[in-house]
2 protein chains.
Amino acid sequence: MIASELLEKYGALKKSFEKGEIIFEEGNLPTHYYQIISGEIKMSNYNDDGREFIQGIFYKEQSFGEPPLFLNQKYPANSIAVEDSKILLLPKSNFMKMLEENASISIKIIETLAQRLYYKSVMAAEISTHEPEHRVLKLIDHGIAYFNFKKDQNGFLINFTRQQIGDLTGLRVETVIRAIKTLEKKGELKIINRKVYR
Amino acid sequence: MIASELLEKYGALKKSFEKGEIIFEEGNLPTHYYQIISGEIKMSNYNDDGREFIQGIFYKEQSFGEPPLFLNQKYPANSIAVEDSKILLLPKSNFMKMLEENASISIKIIETLAQRLYYKSVMAAEISTHEPEHRVLKLIDHGIAYFNFKKDQNGFLINFTRQQIGDLTGLRVETVIRAIKTLEKKGELKIINRKVYR
DNA sequence: CTCGTTTTATGATTAAAATCATAAAACCGA
DNA sequence: TCGGTTTTATGATTTTAATCATAAAACGAG
């Protein structure tokens, strides 16, 4: 997260996106740095028969879509507003200027990318070598650390739908539903009127 | 890749690793920055029943294992020498000092991490939503761009074993062998005495 | 050059998750 | 508050890649 005053100093503009609105599309070249003011954004891919894979979900104060910006490569995924959202957009050239003139920003970005790479490494190994229950639990435990799950008297409320969990772990909804039920029976999770707690 | 003179100026030391030797292990805290002088290194995970998932393969002049260094987190995977290798090791504190004193290094690192994140994003979507043939082909095409595949009169020689391709795509050897055969029949690849060309 | 290991290969069988079908409950917008 | 959509749920069936079995070819260390 970069201070919004600094971003605005370099010419960042606020823009609103409605729920379901596309921010950028797979295959396009990057033009801006994006940082969320409020709302929720997902980055995802769709395969030929419409099946979705969610690369990540981002919340307020987080940025997204930086890698292609540094590489002059096309976006490998789409970004869509999951909720009505407000986003700060800083044009690429201004962003680069800001980087040059503010060395400490680089460290921040390195940490952000390192964090995301860490998540991807863990989930990649999970997805390709573990069974559904293990995958779901790993995603949830990661979520507690990095997504904005809130704790109440029942534990952490996992505010993802079964479908979202499926799209993040490469599983189908029915499989996720069954995995969650099994995990509840094993005592790893709680299900309180359909909501999942850990 | 950071100039080896610079690394040595900050106290980096050369170290040799034999084929099969472990450089660092999953779960350990990072102590050094690693940059390959010669040889080949893989980073991988093993699940409970010994199944391997290769996070990445790295060659001369490439660095590896940086993310946990920036996050003070445990390594999410092991790193092992695939061939006899020579590596430059720079202790963490010296590495951080080097970063502070050389702003341009940060940009290099950002680009490296962005590149790796790009690969992980593409492969994550592949692994979770596409059929074996698609996955294998995507890995190969990525390899042409980023691993050191060499071109000769038959095209690019894919110098990965079927097992390695399996461990990089989350497939079993037999499945990879069959996928490669099918891709050859479709004219996407050539197999010339067991070697794969694209 | 030889012997053990690794790699590639192929066929048969199995297991596990995807798919298909259906429905109740919950949520949301008009 | 009504009606449509989304989410959760469950059972039956199918498909696909994993698994199991076996072997030839190639490679590599001594």
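Just so we're on the same page: letters track the sequence lines, and every chain starts at 1. Reckoned from all heavy atoms, side chains included, excluding hydrogens, waters and symmetry mates.
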Under 3.5 Å between N/O atoms: give me all the protein pairs with nucleotides 27-30 of chain C, atom names plus distance.
none

Practice task
Count the heavy atoms belonging to other residues, nucleotides or ligands that lie under 6.0 Å from CD of Glu18(B), then report whether that count exceeds 12.
Solution key: no
Practice task
Please name the residue in the list Phe17(A), Phe64(A), Phe58(A) that meets the side-chain contact (heavy atoms from CB on, under 4.5 Å) test with Ser79(A).
Solution key: Phe64(A)
Practice task
Check side chain to side chain donor-acceptor pair (under 3.5 Å) between Lys92(A) and all other residues, then give those that pass, not counting sequence neighbours.
Solution key: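 Partners of Lys92(A) under the side chain to side chain donor-acceptor pair (under 3.5 Å) test: Asn72(A).
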Expressed as a whole number of angstroms, how long is the span from [X]:[atom1] to [N]:[atom2]?
X	N	atom1	atom2	result
Gln163(A)	dT19(C)	CD	P	12 Å
Glu133(A)	dA16(C)	CD	P	11 Å
Arg135(A)	dA16(C)	CZ	C1'	11 Å
Arg194(B)	dT6(C)	CZ	P	15 Å

Completion exercise
Heavy-atom nearest nucleotide on DNA chain D taken for Arg51(B) and for Lys181(A); more 5' hit belongs to Lys181(A)
Exercise for the section: Identify whether any heavy atom of Gly170(A) sits under 4.0 Å from a base atom; if not, whether one sits that close to sugar-phosphate; answer base, sugar-phosphate or nothing. Expected result: sugar-phosphate
Practice task
Please figure out whether Asn193(A) or Thr175(A) has its closest DNA chain C nucleotide nearer the 5' end.
Solution key: Thr175(A)
Practice task
Identify, between Glu174(A) and His130(A), the residue whose nearest nucleotide on DNA chain C lies closer to the 5' end.
Solution key: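 Here His130(A) is the residue nearer the 5' end.
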Problem - Donor-acceptor side-chain pairing of Lys42(B) and Gln164(B) below 3.5 angstrom - result: no
Exercise for the section: Say whether Tyr33(B) and Gln35(B), considering side chains only, have a donor N or O and an acceptor N or O under 3.5 Å apart. Expected result: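 Yes, side-chain donor-acceptor contact under 3.5 Å.
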Exercise for the section: Would you please indicate if the ring centroids of Phe53(B) and Tyr46(B) are separated by under 6.0 Å? Expected result: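 No, ring centres 6.0 Å or more apart.
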Exercise for the section: Please check if the distance between the ring centroids of Phe156(A) and Phe149(A) is under 6.0 Å. Expected result: no
Practice task
Could you pull out all residues at least two apart from Ser38(A) that satisfy side-chain contact (heavy atoms from CB on, under 4.5 Å)?
Solution key: Lys86(A)
Handout entry: Heavy-atom contact window of chain A on DNA chain D, given 5' to 3' at under 4.0 Å
Key = dT7(D) to dA12(D)
Practice task
For residues Ser128(B) and Ile127(A), report the shortest heavy-atom separation together with the two atoms involved.
Solution key: CB-CG2, 4.3 Å
Handout entry: Residues touching DNA chain D, which here means a heavy atom under 4.0 Å, drawn from residues 151-162 of chain A
Key =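 The stretch gives Thr161(A), Arg162(A) as the residues lying under 4.0 Å from the strand, ordered by number.
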Problem - Pairwise side-chain hydrogen bond (donor to acceptor under 3.5 Å, both in side chains) hits with a residue in residues 189-198 of chain A, at least two apart - result: Asp141(A)-Arg198(A), Glu188(A)-Arg198(A)
Exercise for the section: Could you tell me whether the side chain of Arg51(B) and the main chain of Gly170(B) form a donor-acceptor pair under 3.5 Å? Expected result: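 Looks like yes, one N/O pair under 3.5 Å.
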